[in-house]
Participant: 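One structure follows; several queries about it will come next.
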Amino acid sequence: MKGNVYKNGIFIIVLLLLMFSAISCINAAQNTSDTANAEMLSLSKGGVVINYPSNWGYSETTSPYAILAISKLDSIDSAGVGQVTILIEKKPIEGEFYTFVNDTYHQMQRDSSYKLVSSGGTRLGNIDAVEYVYTSNSTGVEKEHKAVWVEKGGQAYVLLYSAPPSEFEENLYIFEFILDDIQIT
């Protein structure tokens with residue numbers, strides 16, 4: 001009797017894992033399909049070229065270092081601000097690149113409205129890069145962020161993806177597509 005209960009329990013666990021895996025694969029395929037079916041647009045500005053799906057659009061930004069910004073069109077609120085955004089900035093490097101980038105986040109950690117989730121090295125094409133994932137909650141608006149920093153031509157480029165937590169994972173694949181496809185000249 002005990003053996004049957006144990007076997008049935010394992011069978012149920014395996015069945016649940018298979019169902020979860022199938023659902024995850026369907027969701028990933030649907031996201032890929034959404035991008036594949038969307039018309040792709042191209043944007044070139046300030047030495048940066050990106051391709052992005054037509055359900056995203058060019059956004060205005062107030063950042064003094066911004067090269068360009070895009071927002072998911074259905075995330076634009078009544079004030080005209082995109083809640084799901086990708087921002088690309090270029091900043092002059094003060095000192096050594098890694099110190100410059102890390103100091104940016106050390107300063108943010110002193111502000112209780114920001115919480116560092118992870119950081120580490122990555123690559124953007126054939127260029128070494130630094131990645132930071134963090135959350136913010138300023139003025140009552142909670143967001144998740146993923147920033148990828150690269151150095152090129154004595155300048156620091158940061159590609160920043162931001163979204164409300166409920167939409168972060170759902171739209172992350174667009175940011176990853178842009179990371180894989182971006183050209184910095």
Side-chain angles (χ1 to χ4, degrees), residues 27-92 101 104-105 107-109 111-119 122 124-125 127 129-152 155-185:
N27 286 340
Q30 185 176 18
N31 284 345
T32 303
S33 172
D34 290 346
T35 304
N37 293 333
E39 177 186 352
M40 294 304 286
L41 304 174
S42 185
L43 183 58
S44 176
K45 191 171 178 190
V48 172
V49 179
I50 63 168
N51 294 302
Y52 60 96
S54 58
N55 60 342
W56 287 64
Y58 183 76
S59 300
E60 293 296 325
T61 179
T62 58
S63 170
Y65 301 106
I67 296 174
L68 61 90
I70 60 172
S71 296
K72 188 172 182 188
L73 295 177
D74 66 4
S75 79
I76 297 173
D77 64 19
S78 60
V81 177
Q83 298 303 305
V84 179
T85 61
I86 297 171
L87 171 67
I88 302 173
E89 296 182 331
K90 178 169 74 171
K91 297 181 178 186
V101 172
T104 300
Y105 292 94
Q107 292 172 18
M108 285 175 56
Q109 285 182 303
D111 183 340
S112 62
S113 62
Y114 292 92
K115 182 179 177 193
L116 181 63
V117 175
S118 66
S119 65
T122 188
L124 185 65
I127 303 171
V130 179
E131 177 181 282
Y132 276 87
V133 178
Y134 60 97
T135 61
S136 67
N137 191 349
S138 58
T139 65
V141 177
E142 187 176 352
K143 291 226 177 159
E144 282 188 58
H145 311 272
K146 183 174 185 175
V148 176
W149 292 76
V150 295
E151 178 183 14
K152 185 153 186 187
Q155 300 287 314
Y157 290 83
V158 60
L159 292 79
L160 176 63
Y161 166 60
S162 300
S166 62
E167 298 180 58
F168 187 82
E169 289 297 327
E170 173 186 332
N171 295 288
L172 183 59
Y173 73 102
I174 296 296
F175 182 64
E176 291 171 347
F177 171 80
I178 289 172
L179 288 175
D180 288 341
D181 192 59
I182 192 169
Q183 299 170 35
I184 302 173
T185 57

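In this chain, residues are counted from 1 in sequence order.
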Participant: Looking only at non-hydrogen atoms, find the nearest pair between S71 and T85 and report the distance.
Facilitator: OG-CG2, 3.2 Å
Participant: I'd like to know whether Y58 forms a side chain to side chain contact (heavy atoms under 4.5 Å, CB included) with K45, so could you lay out the CA-CA distance, the side-chain angles of the two residues, the decisive distance to 0.1 Å, and finally the verdict.
Facilitator: CA-CA 11 Å; Y58 183 76; K45 191 171 178 190; 2.7 Å; yes
Participant: For residues M108 and L116, determine if any side-chain heavy atom of one lies less than 4.5 Å from a side-chain heavy atom of the other.
Facilitator: no
Participant: Would W56 and L41 count as a side chain to side chain contact (heavy atoms under 4.5 Å, CB included) if you check the C-alpha gap in whole Å, the side-chain angles of each, and the deciding distance to 0.1 Å?
Facilitator: CA-CA 9 Å; W56 287 64; L41 304 174; over 6 Å; no
Participant: Where is the tightest heavy-atom contact between E89 and L87, given as atom of each residue plus distance?
Facilitator: OE2-CD2, 3.5 Å
Participant: Should Q155 and Y65 count as side-chain neighbours, where that means a heavy-atom distance under 4.5 Å?
Facilitator: no
Participant: Could you state the interatomic distance from CG (N55) to CD (E39), rounded to the nearest 0.5 Å?
Facilitator: 11.0 Å
Participant: My understanding is that only residues two or more places apart in sequence, or in another chain, count here; which of them pass ring pair (Phe, Tyr, Trp, His ring centres under 6.0 Å) with Y157?
Facilitator: none
Participant: To the closest 0.5 Å, what do you measure between CD1 (I50) and CG (L43)?
Facilitator: 5.0 Å
Participant: Determine whether E144 and S162 make a side-chain contact, defined as any pair of heavy atoms from C-beta on separated by less than 4.5 Å.
Facilitator: no
Participant: Has the side chain of Y114 got a donor or acceptor atom that lies under 3.5 Å from a matching backbone atom of S138?
Facilitator: no
Participant: With rounding to the nearest 0.5 angstrom, report the OG to CD distance, S136 to E142.
Facilitator: 8.0 Å
Participant: What distance do L124 atom CG and W149 atom CH2 have between them, rounded to the nearest 0.5 Å?
Facilitator: 13.5 Å
Participant: Which heavy atom of I86 sits nearest a heavy atom of I174, and at what distance?
Facilitator: CD1-CG2, 4.1 Å
Participant: Which value, rounded to the nearest 0.5 Å, describes the distance between S113 atom OG and K143 atom NZ?
Facilitator: 13.5 Å
Participant: Can you name the closest pair of heavy atoms from I182 and L159 and give their distance?
Facilitator: CD1-CD2, 3.4 Å
Participant: For a quick test of reading the model, state the closest non-hydrogen atom pair linking I184 to K152 and the distance between them.
Facilitator: O-NZ, 2.6 Å
Participant: Which residues pass the ring pair (Phe, Tyr, Trp, His ring centres under 6.0 Å) test with Y134, not counting sequence neighbours?
Facilitator: Y105, H145
Participant: Take I178 and I70 through the side chain to side chain contact (heavy atoms under 4.5 Å, CB included) test and state the conclusion after the steps.
Facilitator: CA-CA 11 Å; I178 289 172; I70 60 172; 3.7 Å; yes
Participant: Only pairs at least two apart or in different chains count here, so list each side-chain hydrogen bond (donor to acceptor under 3.5 Å, both in side chains) that has a residue in residues 176-185.
Facilitator: N51-D181
Participant: Can you check side chain to side chain contact (heavy atoms under 4.5 Å, CB included) on V49 and S42, steps first, answer last?
Facilitator: CA-CA 7 Å; V49 179; S42 185; 4.0 Å; yes
Participant: Could you tell me whether F168 and Y161 have their ring centroids closer than 6.0 angstrom?
Facilitator: yes
Participant: Hey, could you give me the CG/NZ distance between N171 and K72, rounded to the nearest 0.5 Å?
Facilitator: 4.0 Å
Participant: Considering all heavy atoms of both residues, which atom of T61 and which atom of A66 are nearest to each other, and what is their separation?
Facilitator: CG2-CB, 3.1 Å
